[in-house]
Chemist: 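The structure's right below; bear with me while I get my questions together.
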Amino acid sequence: MIEEKEYKQRRERVANSLHKNSIAVLYSALPSIRSNDTEYLYRQNSNFYYLTGFREDNAVLLLTRGKTDIASYLFVQKREKRLELWTGKRLGVKGAQKKFRHDNVFISQEFEDRFNELSKVYQHLYYDFGLDEKRASFLRTKTKTYTSYRNIAPLIEKERLIKSPSEIKLIQKALVITQKAHHYAMSYAKELKLERVLQAEIECIFKKNGAYSDAYTSIVACANSANTLHYISNNKELVNNELLLIDAGCEYEYYASDITRTIPVNGKFTPTQKELYNMVLDVEKKIINMVRPGTFRSLLQKRSEELLCKGLIDLGILKGDLKKLLKKKKHKKYYPHGIGHWMGIDVHDPCPYKDEKGKEIPFTAGMVMTIEPGIYIDKKDRSVPKRFRGIGIRIEDNILVTKSSYKNLSQEIVKEVDEIESFSS
Ligand code: GLY
Ligand code: MN
Ligand code: MN
């Protein structure tokens with residue numbers, strides 16, 4: 001649980017980071033249409049949520065910073081029986097005031113007038129430059145001409161970089177649920193026939209255990225499908241003797257988890273699968289061990305490329321001199337993605353990797369990053385010994401930077417060969 005006090009502190013920090021004489025507008029996410037008359041499950045805009053904890057649509061947050069004072073205004077959908085019949089109860093002004101102890105709460109219909117009124121006082125306008133065109137053009141053209149227009153998103157995303165203890169607790173809770181799903185897959189994949197049925201079982205476990213949804217569409221990729229990095233169709237069979245890459249994590253109370261495990265469908269690795277798997281696992285563990293305050297993601301990236309390239313040479317998948325192969329980026333064919341990314345309210349948390357001067361931001365206690373090396377060998381790749389073709393392996397954990405080193409938040413989700421094998425026996 002994140003207390004209202006924490007949301008208030010976040011709003012204050014962001015308001016104080018605005019230029020003096022500014023007004024900032026942040027909208028709730030728009031509901032998204034799946035097709036005629038049907039919508040996707042609503043998910044609040046992450047920056048809006050970070051500052052408000054408010055989960056309803058049709059809402060706006062206004063922050064102002066004058067010469068000496070800051071203020072915050074929340075606009076929410078009015079309670080209306082006619083609308084509540086279709087989409088359920090709303091908090092309304094009173095409910096929002098009570099729940100969020102937010103001083104200035106109004107109905108959304110009042111936003112335009114109040115915004116116009118407040119606009120007379122301030123010179124600079126902040127809004128999210130990623131905003132949809134309709135709302136952006138309202139702000140830019142229908143209201144007064146400001147001295148400057150600035151993007152609010154980077155100011156909030158910078159704040160999101162360091163997770164508070166209560167945020168870390170929610171990520172840990174998400175991981176406890178995600179662990180159940182991955183361990184279920186290790187035990188029961190052999191009893192299922194289709195990738196999408198396993199996907200449904202995983203997502204059922206998420207929801208049964210209190211998660212709102214998955215944090216991203218689960219990847220359940222058997223055999224060569226694992227070589228399509230964002231394989232989400234999950235529409236093939238689970239094949240005995242093949243590996244199964246599962247990249248799935250739930251979202252719990254708006255916090256993500258992002259875990260990949262690669263397991264044998266029938267519960268037992270073949271010698272070839274084991275060789276390649278242990279090579280990737282060894283690299284993953286070494287990279288995790290490098291995480292500590294003061295180091296950089298780019299160093300982890302570089303080291304993971306060196307280690308995986310060396311591993312590929314040792315297995316006879318790449319041939320030649322390590323340095324030359326690295327220079328020619330030959331390993332990229334088999335390891336084409338990054339070592340990891342920030343994670344938090346978003347699975348790919350949009351926090352900065354570089355500061356305003358373009359300098360890379362060093363790891364600091366409270367940051368959460370995924371570590372996810374992988375090797376992908378297409379089944380048609382004739383340059384590789386036949387026994388390795390059609391294998392895709394990724395192993396992904398969620399790592400918290402601590403004051404002195406790191407904590408693997410997902411360490412309970414097993415990944416050693418014998419541990420995985422013992423789950424299905
Ligand atoms: N699940 C998406 C990723 O690993 O980045
Ligand atoms: Mn992932
Ligand atoms: Mn990831």
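Order of listing sets the numbers, starting from 1, for every ligand and every atom in it.
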Chemist: Only counting residues at least two apart or in another chain, list the ones meeting salt bridge (Lys or Arg N to Asp or Glu O under 4.0 Å) with E157.
Modeler: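 Counting only residues at least two positions away or on another chain, E157 forms no salt bridge (Lys or Arg N to Asp or Glu O under 4.0 Å).
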Chemist: Any chance the rings of Y7 and F100 have centres within less than 6.0 Å?
Modeler: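 They do not qualify: ring centres at least 6.0 Å apart.
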Chemist: For the residue pair Y50 and F48, is the inter-centroid distance of their aromatic rings smaller than 6.0 Å?
Modeler: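 Judged by ring-centre distance (under 6.0 Å), Y50 and F48 do not meet the cut-off.
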Chemist: Kindly state whether the ring of H230 and the ring of Y216 have centres lying under 6.0 angstrom apart.
Modeler: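 Centroid separation for H230 and Y216: 6.0 Å or greater.
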Chemist: Side chains of N289 and Y406: does their closest heavy-atom pair fall under 4.5 Å?
Modeler: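 Of all side-chain heavy-atom pairs linking Y406 with N289, at least one is under 4.5 Å.
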Chemist: List the residues meeting side-chain contact (heavy atoms from CB on, under 4.5 Å) with V176, not counting sequence neighbours, and say none if there are none.
Modeler: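 Expected list: none.
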Chemist: What's the spacing between L229 CG and H337 NE2 if we round to 0.5 Å?
Modeler: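 One finds 5.5 Å between CG of L229 and NE2 of H337.
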Chemist: Quiz question: by atom type and distance under 3.5 Å, do the side chains of S166 and E6 form a donor-acceptor pair?
Modeler: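 Yes - a donor-acceptor pair under 3.5 Å links their side chains.
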Chemist: Would H341 count as a contact for the Mn ion (ligand 3), in the sense that one of its N, O or S atoms lies under 2.8 Å from it?
Modeler: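 Checking H341: at least one N, O or S atom is under 2.8 Å.
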Chemist: Would R389 and N224 count as having a side-chain donor-acceptor pair, cut-off 3.5 Å?
Modeler: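 The criterion, which ignores hydrogens and geometry beyond distance, is not satisfied for N224 and R389.
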Chemist: Mind counting the protein N, O or S atoms sitting less than 2.8 Å from the Mn ion (ligand 2)?
Modeler: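 Near the Mn ion (ligand 2), the number of protein N, O or S atoms below 2.8 Å is 4.
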Chemist: If you count only heavy atoms, which residues are under 4.0 Å from ligand 1?
Modeler: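 Near ligand 1, by chain and number: Y216, D247, D258, H341, H348, E372, E396.
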Chemist: Looking only at atom types and distance, does a side-chain atom of D349 sit under 3.5 Å from a main-chain N or O of C351, one as donor and one as acceptor?
Modeler: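 Not a single qualifying donor-acceptor pair exists.
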